[in-house]
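Presented below is the structure to which this report refers.
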Amino acid sequence: MNDETIQKYGDELYVAWLERRTVAPLLEREPEITLADAYRIQLRYIERRVGAGETVVGKKIGVTSKPVQDFLGVFQPDFGQLTSGMVHEEGDTIDLGTLIQPKAEAELAFVLKADLQGPGVTAMDVIRATDYVVPCFEIVDSRITDWKIKIQDTVADNASCGVYVLGKTRGDPRKLDITLAGMVLEKNGELHSTGVGAAVQGSPANAVAWLANTLGELGIPFKAGEVILSGSQSALVPVVDGDELVCTVGGLGSCRVKFSGRSAA
Amino acid sequence: MSMNVTLSREDVVRLCERVEGAQKRACAIPKLTDEYPGMTMGDGYAVQFELRRRFLEQGHRQVGWKAGLTSKAKMQQMGVSVPSIGFLTDRMARPENSAISTADLVHPRVECEVAFVMKKTLAGPGCTRADVLAATDYVLPAVEIIDSRFSGFKFDLESVVADNGSSARFVGGGRARYAEELDLRTLGVVMEKNGEIVTMGASAAVLGHPAEAIAMLVNILAELGEELPAGSFVMSGGITEAIAVKPGDSIIARFQELGSVSMRFVD
C-alpha cells in the first residue's frame, strides 16, 4: 500500500474515533491489505492522536487466547498503543458516551522498570525488566461497524483499544505465580467467569516477550515506565449504564470499574 | 430439594443391579428414567445408597464424598441446574503419577478440583462455608476421573445420581495446604493433555468458592440422614470442563499454590 492510502485510512479511523462512529471494514474495501500495512495505518492513527496533544504511555497486546486466534484465523497476538487519553483511575465511573461499542476484558498489566529491546527478548528478560504487575480492565472498542473485524481491521484500528483502568495493588512477578494466578470476574456482584494467567500465550510474560520482539522488528521503542496490558484472561463482557465489574487476580488483588451513560452504537 | 422415594424396594434393587453391572462390566446402559420416567432425586439417591451398601458389603472402604455439577460450565455441559453428590471408596483411588487403565471404564473424562480433608465431623442442615473451613484439616489438588455409564451421554440428574454422580476414579496429590493460608476463591488452574493446555479456570467457578460446595454436600447429606465424618476426603467439584481421555493420554493439572497432579492413561 502506498503512503497516501495508509494515511487516508489512518485519518479515517482517527476521525471515526473522534466522532464516535464506525466505518466499514477496511479489508472489505482493500482486499489486498497486509498485516504490515495495517500496522502502518495504526501508526498513522496514533500520530494523529499524538498530534492532537496525547502522549504514548504504553502498549496493549490483543488476540492472545487460542479461541480468539482461531476466530480471527491467526497464530500470533497483535498489539496497539496506549495513549494518555485512554487512562482511567480505579474507582472512576467510565462514561460510555465516550465509546462506541465497548466490551470489558480482565487482564494483568505490567509496568517496566527497564527498556526491553527486541528481537531476542525472552520471558525471563520480561520478569527482570518488570517493575510491578497490577490487575486491570481494558475496555475494548471498535471503530469498525458491528465488530466485523478481520485481523487487518483490528490492527489498523489500534488493536480495538478503547480505554483502560489499572488496579492499585502492585505485585512483584518474582513473588506471584503470574502463570497460575486465577482471574475471577464479577459483574454486578455476581460471578461472571473465571480464567487464569496461562490463558494468555501460556503465560502473560510470553505475550510481553512477543511484544518486545515484534516492536524491535518494527523499530518501535519499548521503554521503562510503559504500561503493558498483556491480554485478556476473561470472557468479553458487554457493558451498559450502571454496570459494575470487579476482577480479582489470585494472590494479587482487585480492580473495580463502573459504567454510566450510553455508548454510541 | 425433595428426597421423596417413590420406587419400591424391588425397583431400587433392580436399578442398583443394573448400575452395578454397568460399572463392573464397563458397558453403557440407557438412562434409568427411560423406564422410570417418574424417578425423583430421592429415588436416585436410594439407588446410589443401595450401591454403596453392596460395595461396603464386598469389603470396599468409603473414604469420602464428591460434589458434582457445581460449576456453571458443568451445569451447562450437562443441561442441569442442581448440584449432586456421590460417595468415594478406596477402590476408586489411584496414586499420583500412575498409569490408569481405561479398560474398565466406559467414556472416562477428567476434571480439576480442590479437595478437602476434614478434621471434624460436619452435620447439616444449615452448614455454611465458614463451618466447612473451620472443620477442614487441609486442602489439596485432585483430578477426578468421571465416567457416566449412560449411553450416548444422554442422561438426567436422577440417573446420574443413581450412577453415583458418575464417580469412577480419583487422584489426589500435589501439595497439602492449610485452607486459611490460601484464598480458596481465586486459585488458578490449568489442565494440560499431552503437553497442551486443554482447559483452565479459577476456583470461584465452583459455586463462587469451593467450600460452598462442601457446605452444600453436607446439607444434602443431612437430607439423606447422614453426616460428613471427620477424616473424610471430599472433592468439591470440577473447576474446569470435563476432558475426554483415552489410552496414551497424559494429563497434568497445575494449581496455583497447590502444585500439580499428573497421571497417564493406558489400555
Side-chain angles (χ1 to χ4, degrees), chain A residues 64-70 75 106-108 133-135 167 169 171 173 175-207 230-235 237 245-256, chain B residues 70-77 83 111-114 129 139 141 174-175 177 179 181-213 236-241 243 252-261:
Chain A
T64 49
S65 75
K66 198 165 179 302
V68 176
Q69 290 185 359
D70 289 346
F75 303 98
E107 310 192 5
L108 190 68
V133 293
V134 282
T169 337
K175 291 180 181 169
L176 174 73
D177 185 346
I178 57 171
T179 300
L180 291 179
M183 172 66 86
V184 177
L185 175 57
E186 291 156 292
K187 181 175 177 180
N188 303 328
E190 278 188 29
L191 179 70
H192 180 276
S193 55
T194 72
V196 63
V200 176
Q201 298 289 107
S203 169
N206 292 339
S230 63
S232 180
Q233 299 183 15
S234 70
V237 194
L245 301 180
V246 181
C247 71
T248 308
V249 175
L252 178 58
S254 304
C255 180
R256 179 182 300 266
Chain B
T70 47
S71 74
K72 228 196 239 179
K74 282 292 289 183
M75 287 188 198
Q76 278 169 358
Q77 199 176 10
E111 43 188 51
C112 303
E113 311 195 8
V114 174
R129 181 199 300 191
V139 295
R175 189 175 161 201
R177 297 288 302 266
E181 289 177 3
L182 303 170
D183 179 1
L184 282 179
R185 194 177 76 92
T186 55
L187 297 175
V189 176
V190 172
M191 180 178 273
E192 295 176 15
K193 179 160 102 174
N194 306 325
E196 196 178 340
I197 295 177
V198 284
T199 183
M200 51 203 153
S203 49
V206 175
L207 296 176
H209 191 294
E212 207 65 66
S236 59
I239 295 165
T240 50
E241 61 173 319
I243 299 295
I252 180 161
R254 301 160 65 199
F255 290 71
Q256 183 183 15
E257 306 288 356
L258 296 175
S260 60
V261 183

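Note: hydrogens, waters and symmetry copies are ignored here, and every other heavy atom, side chains too, is used. So that the names make sense, note that chain A is the first sequence line, chain B the second, and so on, each numbered from 1.
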**Prompt:** So do Met200(B) and Gln233(A) actually touch side chain to side chain, heavy atoms under 4.5 Å?
**Reply:** no

**Request:** Please state whether the side chain, the backbone, both or neither of Glu192(B) comes within less than 4.5 Å of a heavy atom of chain A.
**Result:** neither

**Asked** Does a side-chain heavy-atom distance below 4.5 Å link Arg254(B) with Thr179(A)?
**Response** yes

**Request:** List the atom of Ala205(B), the atom of Leu191(A), and the distance in Å for their closest heavy-atom pair.
**Result:** CA-CD2, 4.1 Å

**Prompt:** Quick one: CG on Leu258(B) to CG on Leu180(A), what's the gap to the nearest 0.5 Å?
**Reply:** 10.0 Å

**Prompt:** Taking all atoms of both residues into account, what is the closest heavy-atom pair of Ala198(A) and Val190(B), and its distance?
**Reply:** CB-CG2, 3.5 Å

**Request:** Look at the side chain of Gln256(B) and the backbone N and O of Asp177(A), then say whether any donor-acceptor pair between them is shorter than 3.5 Å.
**Result:** no

**Request:** State, to 0.1 Å, how close Ala202(B) and Gly195(A) come at their nearest heavy-atom pair, and which atoms those are.
**Result:** CB-O, 3.5 Å

**Asked** chain A heavy atoms under 4.5 Å from Ile197(B): which part of the residue, side chain, backbone, both or neither?
**Response** side chain

**Prompt:** Does Arg185(B) pair with Glu186(A) as a salt bridge, N-O distance under 4.0 Å?
**Reply:** yes

